[in-house]
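Single-structure report; data block below.
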Amino acid sequence: MSPLLLLLLLLLLLLLLPAPGRCQAAPLDVCRSLRGSEAGPGWEFYACQPPPANMKEFMQIRVDPPGITCGNPPERFCTLENPYLCSDECDASSPDLSHPPQLMGDRERGGLITYWQTVTWSRYPEPLLANITLSWNKSLELVDDIIVTFEYGRPTIMVLEKSLDKGVTWQPYQFYADDCMEAFGMPAKQVRDLAPSNLTRVICTERYSRWVGAKEERSVVFEVRARFRVFAGPKLINMDALYTRMESMKGLREFFSFTNLRLRLLRPALGGTYVQRDNLLKYFYAISNIDIPARCKCHLHAAQCVLRDASLQCECDHNTAGQDCERCGRGFKSRSWKPGSFLPLPTGTANTCEAAETVANCECNGHSNRCSYIDFINVVTCVSCKHNTRGQNCQFCRLGYYRNASATLDDENACTECSCDPRGSVTPRCSDSGSCQCREGNTGRRCDSCQPGYSRKGGACE
């Protein structure tokens, strides 16, 4: 290859490569880049977020009530496809016959399907109820559909719930039933029935609960992509429109946020229109997989999220700190914390926490150039206020001075000396208007004159 041709190829390669330090628009995967200027190199900050992941890899699973998982004692069961061939067995003491909760989140290997399973509905007509709680001890944001895969029939009635406070309180995410009006007193709806203005509405759907007789119909879905399409288009090409709505539409980002999820299974698959009391061994719940595509919620202040001490943790940038980057770091102004913003597109706004030294002149009203961070109460306070000022932000006047109404707060003459006459005043402190508190017989703004009938003797009015 000739040197000229080689040079041309190198130039072409350089043109195709992105500029150094440039933040790529769509992924928001870079928090900062080093930029040059006439004043020298410096950091340019961007809104950023961690990449998505299947959060089943990190979830903790709890099922209740106690004893709802099959196998203790061992129990026979049959399937809806073969309702009278009840030769299958669940036995917690046998690895090959047990169906513990962790099999809902494991990886299927070699084509072998593993699943969690409950006891059968042998106590009918007492309801067969089961709760599955999924916990992360971390704020997350959905990026795609939640898909729950059931073996041997989907429930006819269930509820998906979420918590935003690590399981302290719960709220419904979506209702599922073969008859929404009968089960929950709600009309059946689908996501496609929703408008942009009510996209966060909690609905009941019948799409995933009716018995269709086909084993392939195993999935129950919480539709996230369909909601994204309302703003980003059918093929999710216009993500800028979605990000813009995330900023402008109240409650939209919170709708896709959670710390815990809970499945409340209220009635199993029936395989028909009624319960066959003579064969209750075919009624139970069984889940083989739960997919939860989400990302760590870091308030657009982190591009990475790591597992540390068995908990997910944002790798915070922008001088922020906390598991979710929900506050400013030590030595930075806590009051100035704000989440990052998707706007302006495509790089967003970092809303970086500023160092105490940087904000001193502004937050101290020009009366101090030093701040101190008080760790145990997470507060930054101004140090050595000048010009006869005091307070956390040098916003008050020292004892013996009052606020000068004719000067702005950042003026060097913002505080004027009271000049109370010590012979005629009770205290060196004066009122907001500069009037001193006079002793008996004394008068005047500074208490330096005598009232009628009094005369000054030995320095005091008597």
Side-chain angles (χ1 to χ4, degrees), residues 21-35 41-53 55 58 136-143 164-166 243 246-248 250-254 256-259 294-364 370-382 392-393:
R22 181 174 299 167
C23 179
Q24 302 302 304
L28 297 171
D29 58 355
V30 176
C31 294
R32 62 170 75 193
S33 67
L34 194 61
R35 293 299 183 99
W43 289 111
E44 186 170 322
F45 296 93
Y46 313 104
C48 52
Q49 57 188 359
M55 289 299 167
F58 309 102
W136 289 269
N137 192 36
K138 173 77 181 74
S139 296
L140 306 174
E141 293 178 307
L142 289 171
V143 298
L164 288 164
D165 52 17
K166 300 183 179 180
Y243 288 142
M246 288 285 192
E247 292 293 337
S248 61
K250 184 179 180 180
L252 186 59
R253 288 192 69 183
E254 186 177 81
F256 297 107
S257 302
F258 63 97
T259 59
R295 63 165 49 93
C296 289
K297 184 169 185 176
C298 302
H299 294 98
L300 297 179
H301 289 312
Q304 296 294 327
C305 188
V306 298
L307 190 66
R308 184 179 299 136
D309 298 328
S311 293
L312 289 168
Q313 167 74 52
C314 297
E315 294 277 83
C316 299
D317 204 315
H318 305 159
N319 303 324
T320 61
Q323 189 181 20
D324 301 336
C325 305
E326 74 280 8
R327 54 184 169 83
C328 288
R330 176 177 295 188
F332 297 89
K333 184 65 179 175
S334 60
R335 193 177 66 179
S336 65
W337 181 91
K338 290 172 62 177
S341 171
F342 289 115
L343 303 178
L345 300 168
T347 56
T349 304
N351 290 328
T352 305
C353 289
E354 296 180 347
E357 292 79 7
T358 303
V359 301
N361 284 330
C362 173
E363 297 297 331
C364 298
R370 287 198 306 120
C371 290
S372 175
Y373 179 76
I374 305 176
D375 189 18
F376 71 95
I377 57 174
N378 193 32
V379 163
V380 175
T381 185
C382 301
Q392 181 181 346
N393 303 107

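Residue K166 comes nearest to K138 through the heavy atom pair CE-N, 4.2 Å, listed as atom of the first residue, atom of the second, then distance. A302 and E315 get closest at one heavy-atom pair: CB-O, 3.2 Å. Shown here for M55 and C296, the closest heavy-atom pair between the two residues is CE-N, 3.9 Å. Across every non-hydrogen atom of N137 and S311, the tightest pair is ND2-OG, 3.3 Å. The minimum heavy-atom distance linking C48 with V30 is given by the pair CB-O, 3.5 Å. Between G340 and R253, the closest heavy-atom pair is O-NH1, 4.3 Å.
Within the 4.5 Å cutoff, the side chain of S257 has no heavy atoms near those of the S139 side chain. No side-chain heavy atom of L300 sits less than 4.5 Å from a side-chain heavy atom of P339.
Ring geometry for F342 against Y243 counts as parallel: the plane angle stays under 30°, on a 0 to 90° scale with 60° as the upper cut.
Counting heavy-atom neighbours within 6.0 Å of E247 CD, excluding the residue itself, gives a total above 12. A 6.0 Å sphere centred on CD of Q304 holds no more than 12 heavy atoms belonging to other residues, nucleotides or ligands.
For the two cysteine residues C325 and C316, the thiol sulfurs sit under 2.5 Å apart. For a disulfide, the SG atoms of both cysteines must be under 2.5 angstrom apart; this fails for C305 and C314.
In terms of modelled atom types and a separation under 3.5 Å, the side chain of H318 and the main chain of N351 share no donor-acceptor contact.
Interatomic distance, CG of L164 versus OG1 of T259, reported as 6.5 Å (0.5 Å rounding). Atom CG of L343 and atom OG of S248 lie 7.5 Å apart (nearest 0.5 Å). Atom CG in L140 sits 11.0 Å away from atom CZ in R295 (nearest 0.5 Å). Atom CG in D324 sits 10.0 Å away from atom CG in L312 (nearest 0.5 Å). The line from CD of E141 to CD of E254 is 11.0 Å long, rounded to the nearest 0.5 Å. Taken to the nearest 0.5 Å, the OG1 atom of T349 stands 8.5 Å off from the NZ atom of K338.
The only option from H301, H299, K297 that meets the side chain to side chain contact (heavy atoms under 4.5 Å, CB included) definition with E326 turns out to be H299.
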Pair N393-C364, side-chain contact (heavy atoms from CB on, under 4.5 Å): steps then yes or no: CA-CA 4 Å; N393 303 107; C364 298; 5.7 Å; no
